[in-house]
Amino acid sequence: MLDFLAEAGEYLPFLLRGALVTIELSLVAMALGTVTGFFIALGRRAKTRLLRWPLNVFVEIMRDTPLIVQLLIIYFTLPRWGLTLGAFPAAIVGLSFNLAAYVSEVFRSTINAVDRGQREAAISLGMSGVQLYRRVIMPQAGLAALPILGGYFIALLKDCALVSFISVNELLRNASIVISDTFDGGNIYLLVAIIYFIMSFASSRLILHLENRLAHSRRSGPDTMSGTVLTMEKEAIR
């Protein structure tokens, strides 16, 4: 136990620098993956097959191949085709694209779950397609998708360990560097597990707090569609 505490005190700052890279990767990839996934979901709902078919193929490829293989292809294979990315940008691209495929399915299902009557009512009030999504569909679909997206973020924190295979100095790679110097994998890996647990647990608490805040504001505020109808009626009276 004393040996573990001594090693933790000596190598913890170096491991925490790797943990900060892990958090940075997760936040950037989550933001890009969520936005990309949303637009992929919209594209897969389009009437044009020329748009739907490539997006469907992209989603299937991303979901049916391992993330580590995708990262290795982006970092090692694409340079042979004239597209070279540094380790960190390659990690961002790989994590974001992989996440976007799953997020697109989440948005597709939550958008489809919005009551069709609300869509028809909004259109009858003269809303454009953009207004329909902004005022009616996305407030409901986004709230329904939030718990799933929160789970994906926690999974993404742990998936970032895979980018150590393409030389990104995140938490696990920094741990490997320490182990190569100390030859003591047991204590270092235990310390890494504790850091991952703290990051994941803190993220889950934060996401739960956000869900509760949004759910409370939705319950205490007017219904989304009712509020929209009232606003449109006031504008019509004016």
Taking atom types as modelled, find out whether Arg173 and Asn169 have a side-chain donor-acceptor pair closer than 3.5 angstrom.
yes
Transitively linked via ILVMFWY side-chain contacts under 4.5 Å: Phe97 with Leu51?
yes
Polar contact flag, side-chain donor to acceptor under 3.5 angstrom, Asn112-Arg45
yes
Nearest 0.5 Å, what's the OG-CG distance between Ser203 and Leu208?
12.5 Å
Treat each ILVMFWY residue as a node, draw an edge where side-chain heavy atoms are under 4.5 Å apart, and state whether Met30 and Val35 are in one component.
yes
Phe58, CZ: over 12 other non-hydrogen atoms inside 6.0 angstrom
yes
Report the C-alpha separation of Asn174 and Tyr11 in whole Å, then their side-chain angles, then the decisive distance to 0.1 Å, and conclude whether the side chain to side chain contact (heavy atoms under 4.5 Å, CB included) test is met.
CA-CA 10 Å; Asn174 279 13; Tyr11 296 110; over 6 Å; no
Distance in Å, Leu162 CG paired with Gln70 CD, rounded so as to fall on 0.5 Å steps
10.5 Å
Heavy-atom distance under 4.5 Å between the side chains of Phe88 and Val163, does that happen here?
no
Using side-chain heavy atoms (C-beta onward) and a distance below 4.5 Å, is Tyr189 in contact with Ile179?
yes
Would the number of heavy atoms belonging to other residues, nucleotides or ligands and lying under 6.0 Å from CZ of Phe14 be above 12?
yes
Could you tell me if the side chain of Val59 sits less than 4.5 Å from the side chain of Tyr102, heavy atoms only?
no
Between Ala90 and Leu71, the two heavy atoms sitting closest are O-CD2, 4.1 Å
CZ on Phe38 to CG on Leu149, rounded to 0.5 Å:
12.0 Å
Without swapping roles, check the side chain of Ser204 against the backbone of Phe201 for a donor-acceptor pair under 3.5 Å.
yes
Look up atom CG in Leu95 and atom CG in Leu32, then write down how far apart they are to the nearest 0.5 Å.
10.5 Å
Between Glu170 and Arg17, is the closest basic N to carboxylate O distance under 4.0 Å?
no
So, for Ile166 and Ala91, which heavy atoms are closest and what is the spacing to 0.1 Å?
CD1-N, 3.9 Å
When clusters are formed by joining ILVMFWY residues with side-chain heavy atoms under 4.5 Å apart, either directly or through shared neighbours, do Phe39 and Ile148 land in the same one?
yes
Between the side chain of Thr110 and the main-chain N/O of Phe107, is any donor-acceptor distance below 3.5 Å?
yes
Contact summary for Ser104 and Ala41, nearest pair of heavy atoms
O-CB, 3.5 Å
Please determine whether residues Leu27 and Val168 belong to a single hydrophobic cluster, defined as Ile, Leu, Val, Met, Phe, Trp and Tyr linked transitively by side-chain heavy-atom distances below 4.5 Å.
yes
Could you tell me whether a side-chain N or O of Arg44 sits under 3.5 Å from a main-chain N or O of Arg52, the two making a donor and an acceptor?
no
Write down the atom of Leu15, the atom of Leu171, and the distance for their closest heavy-atom approach.
O-CD1, 3.3 Å
Within a strict 4.5 Å, meaning less than it, do heavy atoms of the Lys158 and Met199 side chains meet?
no
Decide yes or no for Ile68 and Phe165: does some side-chain heavy atom of the first lie under 4.5 Å from some side-chain heavy atom of the second?
yes
For the SG atom of Cys160 and the CD1 atom of Ile92, what is their distance to the nearest 0.5 Å?
7.5 Å
Between Thr84 and Leu78, is any pair of side-chain heavy atoms under 4.5 Å apart?
no
For the residue pair Ile207 and Ile154, establish whether any side-chain heavy-atom pair is separated by less than 4.5 Å.
yes
So, the side chain of Ser200 versus the backbone of Phe197: is there a donor-acceptor pair under 3.5 Å, distance only?
no
On a heavy-atom basis, which atom in Ile40 and which in Leu55 lie closest, and how many Å separate them?
O-CD1, 3.9 Å
Please find the pair of heavy atoms, one from Ala175 and one from Val192, that lie closest to each other, and give the distance.
CB-CG2, 3.4 Å
Within the distance-only criterion (no hydrogens, no angle test), does the side chain of Ser96 pair as donor or acceptor with the backbone N or O of Val93 below 3.5 angstrom?
no
Pairwise distance CG(Leu99) to CG(Asp159) - rounded to 0.5 angstrom
9.0 Å
Say whether Met62 and Ile73 are linked into one hydrophobic cluster, either directly or through other cluster members, by side-chain heavy-atom distances under 4.5 angstrom.
no
Beyond-backbone contact of Ile74 with Leu83, side-chain heavy atoms, under 4.5 angstrom
no
